[in-house]
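First listed ligand is number 1; within each ligand, the first listed atom is number 1. As the structure is a prediction and not an experimental result, all values here were calculated from the model.
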Amino acid sequence: MQTRTVATTPYDDQKPGTSGLRKRVQVFRQPHYLENFVQSVFDTISAPQGATLVLGGDGRYYNREAIRIIIEMAAANGFGRVLVGRGGILSTPAASCIIRKYSACGGIILSASHNPGGPDGDFGIKYNIANGGPAPEKITDAIFAASRKISQYRIVDTAEVALDTLGNYKIGDMTVSVIDPVADYAELMESLFDFDAIRALVTSGFRIQFDAMHAVTGPYAREIFVNRLGAPAGSMMNAEPLPDFGGGHPDPNLTYAHELVAILYGDSAPDFGAASDGDGDRNMILGKHFFVTPSDSLAILAANAHLVPGYRHGLAGIARSMPTSAAADRVAKALGIPCYETPTGWKFFGNLMDAGKVTLCGEESFGTGSDHIREKDGLWAVLFWLNIIAVHNQSVETIVREHWARFGRNVYSRHDYEDIPGDQANSVMQLLRASFAQLQGAQFGDLRVKQCDDFSYTDPVDGSVSTGQGVRIIFTDGSRIVFRLSGTGTEGATLRIYLESFEPDVSRHHLDAQEALATLIGIALQISELRKHTGREQPTVIT
Ligand code: G16
């Protein structure tokens with residue numbers, strides 16, 4: 001087996017974003033582009049000789065080709081073993097589970113998550129550390145620095161990388177283990193939830209519909225819901241993973257999961273609906289004619305965790321990203337446990353979980369999870385909901401309304417303005433930052449600004465500081481508007497506006513969120529001068 005050292009020159013755009021490096025497929029296909037990034041990862045982590053690496057992706061276009069290249073590079077860089085999912089497939093939560101279970105030094109996950117795939121779509125790559133979670137900023141910064149000065153990479157030439165047959169084979173001194181992508185993950189789920197209770201529920205007339213959006217969760221959902229829990233095969237839709245996700249946008253929200261939404265809001269709607277994204281870490285939960293916001297979902301899971309076997313012993317704490325609503329904070333207060341507010345990005349939860357400070361984490365961006373792994377976990381959230389429903393024997397809507405009646409309702413919505421030219425998006429953010437002094441104490445009808453700032457976070461475990469994490473306008477009654485630029489897009493900029501108010505009055509809980517938040521929406525447009533700067537009249541996506 002011949003190891004080749006290939007001369008290369010740096011690309012200057014390999015800075016990982018909120019979750020790894022995401023670019024158009026054509027960008028990744030430039031000569032040496034993927035190789036440069038992978039070698040920068042290997043040079044940064046300096047894994048001990050013979051270490052184990054986990055490898056897999058969401059099956060999107062370019063997945064197999066990238067897997068082959070990374071295996072060849074791992075063999076040339078001294079790894080002892082690569083655990084790769086059959087067909088090059090691993091959902092993000094399954095990869096996290098496998099890294100932890102087999103004590104790997106880390107893993108490489110190939111995904112651009114919810115971004116569309118195909119030859120003209122997006123591709124992505126990220127490195128996860130030994131705890132199974134996304135590399136923290138100090139590592140991603142070091143990877144970026146390495147990518148700026150790379151001059152060579154190492155690779156072996158091998159006749160074939162066999163990905164479709166389970167088993168072990170050798171490339172030089174390195175063992176490639178092709179593993180079942182589903183088995184370890186399904187076993188972990190079975191250890192956390194009451195599968196007997198969920199089986200009784202889904203086989204007794206309670207109808208569920210799961211939309212895999214032609215992305216990675218199809219095989220996982222079939223194994224868990226159909227094979228192990230007895231749900232009818234027809235309750236799974238779009239369950240065949242496709243390299244271009246069937247031309248869809250595998251983002252489980254009210255806009256992009258419209259096929260499922262139409263079914264759940266239709267005449268003969270099932271009792272429960274859920275969808276997951278490209279790589280299986282996001283979830284959307286729906287009841288019959290009812291949408292559960294991700295912020296409420298986190299709060300409700302926390303309030304009911306004692307009903308679920310894996311969490312019966314109680315929660316150490318809860319963490320949520322700053323733009324996520326404070327619904328979970330109210331539950332934490334009632335439970336007498338801490339609630340941490342972190343910047344956007346699952347990587348910020350890892351330290352808190354490793355230190356035993358939190359058990360459940362969640363984000364408004366349709367991510368929920370726990371310390372069972374170190375990634376958010378779409379199917380885990382679906383199982384958690386089904387377990388709670390099986391115990392309560394109530395509809396999704398009733399569970400949510402009873403929760404609001406007990407804790408009050410944090411009315412919440414996010415407005416996304418996608419694909420704005422970067423300079424326009426930056427001018428909106430600059431204007432807001434420049435307006436802090438003027439906004440402080442300003443009165444807008446009944447609302448008075450109590451505080452405005454750019455969120456920064458000091459990690460309570462390692463003391464690292466992250467600044468510039470989103471502009472917050474907080475009013476004296478607790479309502480908030482948050483402005484942030486997305487860190488996951490590949491084209492132009494996406495400006496996100498997060499809106500939240502608190503409604504303790506049960507007689508107003510039925511209000512539509514957009515209606516209830518109309519005043520805040522007006523203030524957000526006024527102070528950001530968004531329409532003037534961008535020419536946009538309406539958000540692209542409202543969740
Ligand atoms: C990623 C991160 C999440 C983050 C989300 C949105 O999710 O893992 O922690 O909340 O992006 O980020 P942004 O608002 O910067 O676009 P995923 O599912 O894309 O990996």
Side-chain angles (χ1 to χ4, degrees), residues 15-23 57-58 60 91-93 95-96 109-117 121-128 132-137 140 213 215-217 245 249-253 256-257 275-284 294-295 297-298 319-325 341-350 352-353 361-369 373-381 414-420 425 429 455 457 466 468-471 482-498 540-541 543:
K15 186 174 173 50
T18 309
S19 183
L21 182 68
R22 292 183 189 168
K23 301 279 178 198
D58 62 12
R60 67 178 59 224
S91 75
T92 292
S96 185
I109 302 175
L110 304 175
S111 171
S113 185
H114 53 287
N115 296 7
D122 288 347
F123 191 74
I125 175 167
K126 74 171 179 171
Y127 179 69
N128 280 29
E137 275 185 340
T140 53
M213 303 191 84
V216 78
T217 48
F245 307 122
H249 191 145
D251 196 357
N253 61 38
Y256 295 123
S276 193
D277 69 330
D279 60 333
D281 57 2
R282 294 186 175 205
N283 74 89
M284 175 170 70
S295 295
S297 180
L298 172 65
R320 63 163 174 89
S321 64
M322 180 275 283
T324 304
S325 95
E341 185 179 36
T342 63
T344 294
W346 205 261
K347 60 193 172 201
F348 292 102
F349 296 139
L352 297 171
M353 289 192 269
C361 306
E363 295 188 278
E364 50 66 40
S365 54
F366 295 82
T368 335
I373 54 171
R374 293 294 182 273
E375 287 279 5
K376 55 189 188 276
D377 191 343
L379 293 179
W380 169 92
R414 186 177 101 183
H415 290 200
D416 292 340
Y417 292 80
E418 294 180 344
D419 204 2
I420 302 177
M429 296 304 286
F455 181 66
Y457 175 69
S466 303
Q469 297 293 325
V471 166
V482 175
F483 296 86
R484 225 191 116 248
L485 296 183
S486 159
T488 55
T490 56
E491 204 76 348
T494 293
L495 179 69
R496 305 202 195 284
I497 306 179
Y498 310 83
T540 323
V541 177
T543 47

Sequence neighbours excluded, the answer for side-chain hydrogen bond (donor to acceptor under 3.5 Å, both in side chains) partners of Ser486 is Thr488, Arg496

Could you work out, with side-chain hydrogen bond (donor to acceptor under 3.5 Å, both in side chains) as the rule, every residue matching Trp380, not counting sequence neighbours? Tyr311

If we ignore hydrogens and angles and just use 3.5 Å, is the side chain of Glu363 paired with the main-chain N or O of Thr324 as donor and acceptor? no

Lys/Arg N to Asp/Glu carboxylate O, Arg282 vs Asp251, below 4.0 Å: yes

Going by salt bridge (charged side-chain N to carboxylate O under 4.0 Å, His left out), name the residues that satisfy it together with Arg374, two or more places apart in sequence or in a different chain. Asp354

Under a 4.0 Å heavy-atom cut-off, which residues neighbour ligand 1? Thr18, Ser19, Arg22, Ser113, His114, Asp277, Asp281, Arg282, Thr344, Gly345, Trp346, Glu363, Ser365, Lys376, Arg484, Ser486, Gly487, Thr488, Arg496

Donor-acceptor contact present, side-chain Arg60 to main-chain Ser113, <3.5 Å: yes

